[in-house]
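Have a look at the structure below, then the notes.
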Amino acid sequence: MTHTHSRVSRRSLFRGARLGAVALTPLVAGCDDVPSDTAPGPAGGGLLDELPDIGAFPTVDEMKAFGARMTRDHSDRATLTEIGRSRAGDPMHMLRVRAESPRGRALVIGQPHPNEPIGMATVVALADGLLTDPAALDATGVDWYFVLCADPDATRLNEGWFRGPRTREQYARHFFRPGGDQQVEWTFPFRADDFVVDAPMPETRALMAAIDQVRPTVMASLHNSETGGAYYYANAGEVPLYPVLTGLCDAHGIPLHRGEPEIPIAAELSPAVYTLPTARMIYDAVKAAGGDPAQVVTGGNSLDHASAHGRVLGLAIELPYWRDKRAGDTTTAGTSRRDALLRALDLRTEAAQRLLSLRAAAEPLAASPFRDALDSFLTPMSPEALAAERQEIEAGQEYRRPATAAEEFSAVADAHSLRLRLGGMLLRAMPSGAAPRAEADELLKRWCAEADAHSPADPIPIRDLVAVQGKAVLAAVAHSVR
């Protein structure tokens, strides 16, 4: 995560509590077609209708074994290629699944962020389903390309919670997510005026190679949020697709996210469906606000890169691990947006104070991914930045209207999520004998209890999460080839 210049509030660009929950998946120029009069049917028919129970999220090694098994068992339709290597030298693979007489190419990116493994489980179910049912595969009308895991090194640092129990505390104690300038999908080359970012990581270069090879007509990036409801990012002008996407959530008992938008400058295309700005749009917004783009824009993104090859339908799917029906409640909450956001800001301010104090008491901290990520996320939580955010909320007229129940819930739930993420990474950064470790451990336990009191962690069955993600990708493919 990056921070803004002191004159630019993160709230005017991003909801900072989500810590960059999705990549910068943009509206691609030239995709605003006149919509058809009919909604797309589900390509693949009932391909994912009868999924078995899924007890755990797959690991990096299990994804590698899956790719090898698919090519061994379906050598007439499946091939596996190495697209690059991670910073630690781990091979990164793309699985191609061939259809008869394809009219397009679908690229599906699994694990774009290392704490978001629903996508890897979706890749397994979708690729296996397509290869097991060649008629359904051919009916999709596209060749399929699956990036099995876009960030293997960082994903391995999360695998401690993949098998459960699916509690917030288990998640927090095994959580890892790098800062924005170390996130694969936020570090594609980007150029605007005299501002240049062109130092892609090895994993980003691997994705660039995959995109250049595939030249996708559909690109789906599979993401997760944490507590609340589901939402999507899609191209504008694809009106028939939107109710299909949100209807999948209704069918599987997953509420829609109707609260504070993750990125306030994103336009809402339909309930719980948003555009997500391009890197250029974010750059322009920061410049217009008097800020320094170098403090916000860490690079372009996968669809920025794909757009160079022509028209592409982009989709990012955000699904929560834990549901709460308040996420979709648009009735009046009995409080103002201002008061709801200030309550959330109070939680984040107290968290920043405690985390910074404990981090200082633990010095010297040895270099580690956890220390570096913690410092990256704490940077925009300086007293000056939080004070500026408070001033904006207190003064802004847009915050004085009544809040909906969903807005009140999401503001506070995101603050709880932020505390658990950073509290967990602080513990992982500390050596076992660090003087403040016991205090940090008790603090994390208290924050977990307070988060559970605000919203009981009701885990959504992985089978339902996979069904929604996979069917959403199928719906986008059907829409693209209609």
Side-chain angles (χ1 to χ4, degrees), residues 2 20-32 81-87 92-96 104-114 116 119 123 142-152 154 178 180-193 195-223 233-236 263 266 275-284 293-294 296-317 473 476-477 480:
T2 56
V22 302
L24 292 180
T25 310
L27 249 178
V28 179
C31 291
D32 297 347
T81 59
E82 183 177 315
I83 56 174
R85 297 205 167 211
S86 71
R87 281 162 286 182
M92 297 173 60
H93 294 103
M94 180 169 67
L95 176 68
R96 179 185 179 187
R105 298 166 302 281
L107 178 60
V108 181
I109 301 174
Q111 202 71 354
H113 292 123
E116 302 183 359
V123 165
V142 300
D143 279 344
W144 292 81
Y145 298 81
F146 297 93
V147 175
L148 301 184
C149 179
D151 193 351
D181 61 351
Q182 297 295 308
Q183 292 180 14
V184 176
E185 279 225 67
W186 291 69
T187 50
F188 282 74
F190 173 72
R191 181 184 300 271
D193 303 326
F195 177 78
V196 178
V197 179
D198 191 7
M201 302 182 302
E203 296 88 346
T204 308
R205 291 198 297 271
L207 278 187
M208 292 168 64
I211 292 167
D212 293 342
Q213 174 186 333
V214 175
R215 301 170 66 97
T217 54
V218 178
M219 176 178 276
S221 193
L222 307 181
H223 293 267
Y233 294 100
N235 296 78
I263 298 182
T275 63
L276 209 159
T278 63
R280 177 68 201 223
M281 291 171 64
I282 296 173
Y283 169 86
D284 289 343
V296 180
V297 181
T298 57
N301 53 85
S302 57
L303 281 181
D304 278 330
H305 192 75
S307 67
H309 297 295
R311 185 186 187 281
V312 57
L313 174 64
L315 180 67
I317 308 161
V473 176
V477 166
S480 74

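Bear in mind the structure is a predicted one, so any value in this text is a computation, not a measurement. The residues of the chain are indexed from 1 along the displayed sequence.
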>> Restricting to non-hydrogen atoms, name the atom on T298 and the atom on W186 that form the minimum distance, rounded to 0.1 Å.
In response: OG1-O, 2.9 Å

>> Is it the case that the side chains of T217 and S480 hold a donor-acceptor pair, with the cut-off being a distance below 3.5 Å and no angle test?
In response: no

> If you take all heavy atoms of F195 and V297, which pair is closest and at what distance?
Replying inline: CZ-O, 3.7 Å

For residues 207-216, run the donor-acceptor check on the side chains, cut-off 3.5 Å, and write out each pair with its distance to 0.1 Å, sequence neighbours left out.
residue	atom	partner	partner atom	Å
D212	OD1	H305	NE2	2.8
D212	OD1	H309	NE2	2.8
R215	NH1	H309	ND1	3.2

> Any side-chain heavy atom of L107 sitting closer than 4.5 Å to one from V147?
Replying inline: yes

>> Looking at every non-hydrogen atom in both residues, tell me the closest pair between A306 and M219 and how far apart they are.
In response: CB-CE, 3.9 Å

> Is a donor on one side and an acceptor on the other found under 3.5 Å between the side chain of Q111 and the backbone of G119?
Replying inline: no

>> To the closest 0.5 Å, what do you measure between NE2 (H93) and OG1 (T81)?
In response: 8.0 Å

> Hey, is D198 close enough to R191 for a salt bridge, meaning N to O under 4.0 Å?
Replying inline: no

>> Assess the residue pair D151 and R87 against the criterion (side-chain contact (heavy atoms from CB on, under 4.5 Å)); give the C-alpha distance rounded to whole Å, side-chain angles, the decisive distance to 0.1 Å, and a yes or no.
In response: CA-CA 9 Å; D151 193 351; R87 281 162 286 182; 4.1 Å; yes

> Going by heavy atoms in the side chains, are P202 and R85 under 4.5 Å from each other?
Replying inline: no

>> Using side-chain heavy atoms (C-beta onward) and a distance below 4.5 Å, is W144 in contact with V473?
In response: yes

> What are the two closest heavy atoms between A150 and V184, and how far apart are they?
Replying inline: O-CG2, 3.5 Å

> D181 and M201: which non-hydrogen atoms are nearest, and at how many Å?
Replying inline: O-SD, 4.3 Å

>> Test your reading of the model: is there a side-chain donor-acceptor pair from N235 to the backbone of G314, 3.5 Å cut-off?
In response: yes

> Hey, are the side chains of V123 and L222 touching, using non-hydrogen atoms and a 4.5 Å cut-off?
Replying inline: yes

> Looking only at heavy atoms, which two atoms of D304 and S307 are closest? And how far apart?
Replying inline: O-OG, 2.7 Å

> Does the side chain of H113 come under 3.5 Å of the side chain of Q183 through a donor N or O and an acceptor N or O?
Replying inline: yes

>> If I take atom CD1 from residue I263 and atom OG1 from residue T275, how far apart are they, to the nearest 0.5 angstrom?
In response: 9.0 Å

